[in-house]
Amino acid sequence: MFDKLLFVSLGLNAISIGLIAFCFVWLKQSRDKYASLQKNLDKVFHSCEKNSLAIDEVRTGAIGMGKTIQQIKASVQVELQNMSDKQAELAMHDPDSKLYNRAAKMVAKGASVEEIMMECEIPRAEAELVIAMRGKVQS
């Protein structure tokens, strides 16, 4: 009976040692997998940081370009307004321009060459030219 009990005890000890060895092997594999996953996670985190910096650089560049475009747009608008003002001023100071604008309006209303000549005090050739040009524009 003592022999049976000794064999059972030895058998249980062998099984326990086997289970402990299995647990140690499993624990080492788990640690290795954890270390590998941690390295991969570090790589991904580093890549995300680099991408974040690149995005910040692009964003900063885009903001700078937007400000530059706004400045250029404002400058162009000022220049266009100045040119428009100068053009209007020149048109107001040019008496011939007033006559020809008036003649063009008369042509649009259907005035004859003689009416245009008398009203605008321009020669027949110029009145005919205004009628010819205005007629082509209306066509």
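- T68 contributes a side-chain N or O that, together with a main-chain N or O of G64, makes up a donor-acceptor pair within less than 3.5 Å.
- Taking 4.0 Å as the cut-off between side-chain N and carboxylate O, D56 and R59 count as a salt-bridged pair.
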With a cut-off of 3.5 Å and sequence neighbours excluded, list every side-chain donor-acceptor pair involving residues 44-51.
residue : atom : partner : partner atom : Å
N51     : ND2  : S47     : O            : 3.4

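- Between Y34 and S30 the shortest side-chain heavy-atom distance does not fall below 4.5 Å.
- Distance check: I116 CD1 to E126 CD gives 12.0 Å after rounding to the nearest 0.5 Å.
- Connection of L10 to L19 is not established within any shared hydrophobic cluster, with ILVMFWY side chains joined at heavy-atom distances below 4.5 Å, either directly or through further cluster members.
- Among all heavy-atom pairs drawn from A111 and I131, the shortest one is O-CD1, 4.5 Å.
- Heavy-atom minimum distance, A103 versus I122: CB-CD1, 4.4 Å.
- The closest side-chain heavy-atom distance from R124 to E114 is below 4.5 Å.
- Note: I69 CD1 to M65 CE = 5.0 Å, rounded to the nearest 0.5 Å.
- Without hydrogens or angle criteria, S75 side chain to Q71 main chain gives no donor-acceptor distance under 3.5 Å.
- Here the shortest heavy-atom pairing between C120 and M106 reads SG-SD, 3.9 Å.
- The side-chain heavy atoms of N40 and S36, taken from C-beta on, include a pair separated by under 4.5 Å.
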